[in-house]
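Report on one structure; see the data block that follows.
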Amino acid sequence: MRGIRACAFATLDRNGLPAVRIIDVMLKEEGRLFFCTARGKDFYKELLANSTVAVTGLNDKWQTVHTLWGVPSGLQMRNNTR
């Protein structure tokens, strides 16, 4: 995933239809891709309901660098309250 800053993530919505959105990559480390989303977004709800996703990343020359299918691990809710 070298050179990737944004990826297209495909999930299934509550009606079982495909939903695709562009997500910024926060970090890639040891073969893992880290990203953030807000608890109130449909994307977050879709990940919790059916966590199988397809991810495609493009480099700065608009070439497909990697396409992944699978289940993200470590879906966590962070508590940002003080």
Is there a side-chain contact between [X] and [Y] (heavy atoms, below 4.5 Å)?
X	Y	answer
Cys7	Ile22	no
Ile23	Phe43	yes
Thr11	Leu47	yes

How close do [X] and [Y] get, heavy atom to heavy atom, and via which atoms?
X	Y	answer
Asp42	Arg14	OD1-NH1, 4.3 Å
Ala10	Val20	CB-CG2, 3.9 Å
Arg39	Lys45	O-CE, 4.2 Å

Could you go through Phe35 and Val25, starting from their C-alpha distance and side-chain angles, then the distance that decides it, and tell me whether this counts as side-chain contact (heavy atoms from CB on, under 4.5 Å)? CA-CA 5 Å; Phe35 61 93; Val25 174; 5.9 Å; no
Between the side chain of Asp13 and the main-chain N/O of Asn15, is any donor-acceptor distance below 3.5 Å? yes
Hey, could you give me the NZ/CD distance between Lys41 and Glu46, rounded to the nearest 0.5 Å?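 Between atom NZ of Lys41 and atom CD of Glu46 there are 11.5 Å.
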Between OG1 on residue Thr37 and CE on residue Met26, distance to nearest 0.5 Å: 10.0 Å
